[in-house]
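Shown next, in structure tokens, is the structure this report addresses.
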Amino acid sequence: MPANKKHLETSIIQRTLKITAGLIGGFLLSMCFHLFWMYFFSPETVFTTMCVTHYLLWAILFMIAFLFDQGLKVWVIYLSLSLLFYLPYLVEFLHF
């Protein structure tokens with residue numbers, strides 16, 4: 001049964017933005033999320049858990065990217081959350 005045409009994305013730019021946000025932005029957000037937890041907890045424990053939860057979170061973020069109307073909005077949200085989760089490492093790096 002083919003998909004209903006009214007639910008498909010017509011703009012190739014929006015489709016490309018959503019796919020890249022899901023692949024690259026979702027991967028980056030998932031990694032920064034686990035790095036955030038490694039800063040506060042034992043890195044060995046978080047790394048062991050990350051082997052499974054990273055791919056689950058990445059798949060969920062990939063699907064969430066297609067729920068938005070605009071792909072640029074997904075990129076802004078994913079990059080800002082990645083920066084927020086990476087902030088403890090940036091602060092530590094800037095203070096030496």
Side-chain angles (χ1 to χ4, degrees):
M1 182 171 187
N4 194 345
K5 297 288 185 191
K6 69 179 180 179
H7 298 297
L8 297 178
E9 184 66 52
T10 56
S11 171
I12 190 143
I13 295 171
Q14 289 299 321
R15 188 179 326 150
T16 305
L17 282 172
K18 288 178 186 180
I19 290 171
T20 57
L23 281 173
I24 300 166
F27 186 85
L28 181 67
L29 179 57
S30 180
M31 288 300 293
C32 289
F33 176 75
H34 286 91
L35 279 174
F36 178 76
W37 289 111
M38 281 186 194
Y39 188 79
F40 295 107
F41 296 110
S42 170
E44 294 84 16
T45 308
V46 176
F47 186 77
T48 304
T49 308
M50 185 180 79
C51 292
V52 175
T53 58
H54 167 70
Y55 293 109
L56 290 174
L57 183 59
W58 186 23
I60 291 169
L61 290 171
F62 189 86
M63 289 185 286
I64 288 174
F66 288 96
L67 296 177
F68 287 87
D69 291 333
Q70 295 182 356
L72 190 59
K73 188 185 295 185
V74 181
W75 266 111
V76 168
I77 291 171
Y78 282 5
L79 289 178
S80 60
L81 285 174
S82 296
L83 182 64
L84 179 72
F85 287 135
Y86 196 68
L87 201 58
Y89 288 101
L90 287 177
V91 170
E92 184 177 313
F93 178 72
L94 293 176
H95 286 275
F96 300 138

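Predicted model, so just to flag it, every value in this text is computed and none were measured.
- The salt bridge (Lys or Arg N to Asp or Glu O under 4.0 Å) pairs that include a residue from residues 31-40 number zero, where partners must be two or more places apart or lie in different chains.
- To the nearest 0.5 Å, atom CZ of residue Phe27 and atom SG of residue Cys32 are 10.0 Å apart.
- Closest of all the heavy-atom pairs between Leu72 and Gln14 is N-OE1, 4.5 Å.
- Pairs engaging residues 47-66 under the side chain to side chain donor-acceptor pair (under 3.5 Å) rule: Ser30-His54, His34-Thr53 [sequence neighbours left out].
- With rounding to the nearest 0.5 Å, the separation of CZ in Phe93 from CG in Leu87 is 14.0 Å.
- Partners of Phe66 according to the ring pair (Phe, Tyr, Trp, His ring centres under 6.0 Å) rule, which considers only residues two or more places apart in sequence or in another chain, are Phe62.
- Applying the ring pair (Phe, Tyr, Trp, His ring centres under 6.0 Å) test to Phe85 and every residue at least two apart in sequence or in another chain returns Phe33, Phe36.
- Within 6.0 Å of the CD1 atom in Ile13, the count of heavy atoms belonging to other residues, nucleotides or ligands does not exceed 12.
- Atom CG of Leu84 is separated from atom CG of Leu90 by 11.0 Å, given to the nearest 0.5 angstrom.
- Atom CD1 of Ile77 and atom CG of Leu61 lie 11.0 Å apart (nearest 0.5 Å).
- Clustering of Ile, Leu, Val, Met, Phe, Trp and Tyr by side-chain heavy atoms under 4.5 Å joins Leu67 with none of the others.
- Looking only at side-chain heavy atoms (C-beta outward), Leu28 and Leu79 come within less than 4.5 Å of each other.
- Ser11 pairs by the side chain to side chain donor-acceptor pair (under 3.5 Å) definition with nothing, not counting sequence neighbours.
- Within the structure, the salt bridge (Lys or Arg N to Asp or Glu O under 4.0 Å) test picks out the following pairs touching residues 12-21 (sequence neighbours left out): Glu9-Lys18.
- Sequence neighbours left out, the pairs with a member in residues 63-91 that pass side chain to side chain donor-acceptor pair (under 3.5 Å) are Thr20-Trp75.
- Linking Ile, Leu, Val, Met, Phe, Trp and Tyr whenever their side-chain heavy atoms come within less than 4.5 Å leaves Ile19 and Val76 in two separate clusters.
- Listed by chain and number, the residues in a side chain to side chain contact (heavy atoms under 4.5 Å, CB included) with Leu56 are Val52 (sequence neighbours excluded).
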